[in-house]
Amino acid sequence: MSRIGRAPIAIPAGVEIKVEDNNVVTVKGPKGTLTQQFNPNMAIAIEENVLHVTRPNDAKENRALHGLTRTLIHNMVLGVTEGFKKELDVNGVGYRVAKEGNKLVMNLGYSHQVTMEEVPGITIEVPGPNKIIIHGCDKQQVGQFAAEVREKRPPEPYKGKGIKYTDEVIRRKAGKTGAKK
């Protein structure tokens, strides 16, 4: 039996979960509302303040979906209570970020400024000229937006210039050495 799928999900106070037909799960909490449809083979049941995900048999597909379904529902519950965030650092001479209205304006060494607009459900925070914090209740959406921001100037291995996640480690390379005579 899947260790992750077997674990129950505790429903905290202030969170409301509805399971509709076709396994459409709606989670409503203080930070927002998330809705997602899951595979109809998975059985999702709520007993008191605990949610359980069970599978019909031990077929390979059902075993794979069991832990996935439980983890996705758990992430929805975490998202509407605490929310998710990704932090990015901007390294490089002259590289700066600023927030103008609901747009993220970045100077990344190109001949033009790079602008990105906030997506609904995502908030961007710029506490300093070299730091970006992305908040949201949908883990997948926060991660995708952070990856799109990082993609504008990924970190390079020689000087480490570019946009990187705060906890990311850039593997550095040695540059060219002088020619020997």
Side-chain angles (χ1 to χ4, degrees), residues 4 9 11-12 14-18 20 22-39 65 67-177:
I4 293 173
I9 300 170
I11 302 170
V15 175
E16 185 182 313
I17 298 180
K18 274 194 266 179
E20 298 161 16
N22 273 353
N23 270 2
V24 176
V25 176
T26 305
V27 181
K28 196 179 283 186
K31 297 236 182 215
T33 304
L34 295 172
T35 304
Q36 192 166 346
Q37 181 174 3
F38 295 100
N39 193 301
L65 288 170
L68 172 72
T69 304
R70 188 257 177 213
T71 301
L72 290 174
I73 294 172
H74 181 67
N75 283 343
M76 290 167 72
V77 171
L78 276 178
V80 298
T81 52
E82 301 166 20
F84 293 100
K85 76 174 184 176
K86 288 270 188 183
E87 295 183 18
L88 297 135
D89 290 336
V90 181
N91 298 325
V93 177
Y95 289 14
R96 287 188 307 280
V97 291
K99 190 168 180 205
E100 294 176 5
N102 66 342
K103 290 184 180 175
L104 180 67
V105 179
M106 300 178 277
N107 294 330
L108 300 173
Y110 297 119
S111 60
H112 58 283
Q113 289 184 330
V114 179
T115 59
M116 291 187 76
E117 206 151 320
E118 271 185 5
V119 181
I122 295 275
T123 54
I124 303 168
E125 201 180 298
V126 182
N130 295 334
K131 189 122 179 116
I132 306 167
I133 302 174
I134 299 166
H135 296 280
C137 61
D138 186 353
K139 187 174 188 175
Q140 190 270 331
Q141 196 178 23
V142 169
Q144 180 65 38
F145 191 80
E148 287 171 8
V149 170
R150 181 185 181 275
E151 194 177 54
K152 299 299 178 190
R153 181 66 95 171
E156 52 95 22
Y158 297 102
K159 292 185 179 176
K161 292 166 54 171
I163 302 174
K164 70 177 190 75
Y165 298 112
T166 300
D167 57 353
E168 183 180 9
V169 177
I170 307 299
R171 294 201 47 207
R172 303 295 287 273
K173 291 183 179 177
K176 292 181 182 178
T177 56

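From a predicted model like this one, the values you see are computed outputs, not experimental measurements.
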If you measure from CG on Leu34 to NZ on Lys139, what distance do you get to the nearest 0.5 Å?
13.0 Å
Determine whether Val149 and Met106 satisfy the following criterion, side chain to side chain contact (heavy atoms under 4.5 Å, CB included), listing intermediate values before the conclusion.
CA-CA 10 Å; Val149 170; Met106 300 178 277; 4.1 Å; yes
Test log, rule salt bridge (charged side-chain N to carboxylate O under 4.0 Å, His left out), inputs Lys85 and Glu125
CA-CA 10 Å; Lys85 76 174 184 176; Glu125 201 180 298; over 6 Å; no
Of all the heavy-atom pairs spanning Val114 and Lys152, show the shortest one and how long it is.
CG1-CD, 3.8 Å
Using 0.5 Å steps for rounding, measure from the CG atom of Asn107 to the CZ atom of Arg96.
5.0 Å
If you define the side chain from C-beta out and look only at heavy atoms, does anything of Arg153 sit under 4.5 Å from Val90?
no
Check whether any side-chain heavy atom of Asn23 lies under 4.5 Å from a side-chain heavy atom of Asn39, and answer yes or no.
no
Non-hydrogen atoms of Thr166 and Leu88 that approach each other most closely:
OG1-N, 3.9 Å
Would a 4.5 Å heavy-atom cut-off, applied to side chains only, mark Gln36 and Val25 as touching?
no
Looking at OG1 of Thr123 and CD of Glu118, how far apart are the two atoms once the value is rounded to the nearest 0.5 Å?
6.0 Å
Taking atom CD of Gln144 and atom CG of Asp138, what is their separation to the nearest 0.5 Å?
10.5 Å
Determine whether a donor-acceptor pair (N or O, by modelled atom type, separation under 3.5 Å) exists between the side chain of Glu87 and the backbone of Asp167.
no
Shortest non-hydrogen separation from Glu117 to Phe145 and the atoms involved:
O-CE1, 3.7 Å
Minimum side-chain heavy-atom gap Val119-Gln141 below 4.5 Å
yes
How many angstroms lie between atom SG of Cys137 and atom CG of Asn75, to the nearest 0.5 angstrom?
12.0 Å
For a 4.5 angstrom cut-off between non-hydrogen side-chain atoms, does Ile170 reach Glu168?
yes
Between Lys28 and Val80, is there a side-chain heavy-atom distance shorter than 4.5 Å?
no
Return yes when atom NZ of Lys99 has more than 12 non-hydrogen atoms of other residues, nucleotides or ligands closer than 6.0 Å, and no otherwise.
yes
Decide yes or no for Ile11 and Val77: does some side-chain heavy atom of the first lie under 4.5 Å from some side-chain heavy atom of the second?
no
Got a second to check how far Asn130's CG is from Asn91's CG, nearest 0.5 Å?
7.0 Å
Compare all side-chain heavy atoms of Ile163 with those of Tyr95 and state whether any distance is below 4.5 angstrom.
no
Crowded around Lys131 NZ? As in, over 12 foreign heavy atoms under 6.0 Å?
yes
Would you say NZ of Lys164 has more than 12 non-hydrogen atoms from neighbouring residues, nucleotides or ligands within 6.0 angstrom?
yes
Shortest non-hydrogen contact between Pro30 and Gly14, atoms and distance
CD-O, 3.9 Å
OH/Tyr158: more than 12 non-hydrogen atoms of other groups inside 6.0 Å:
no
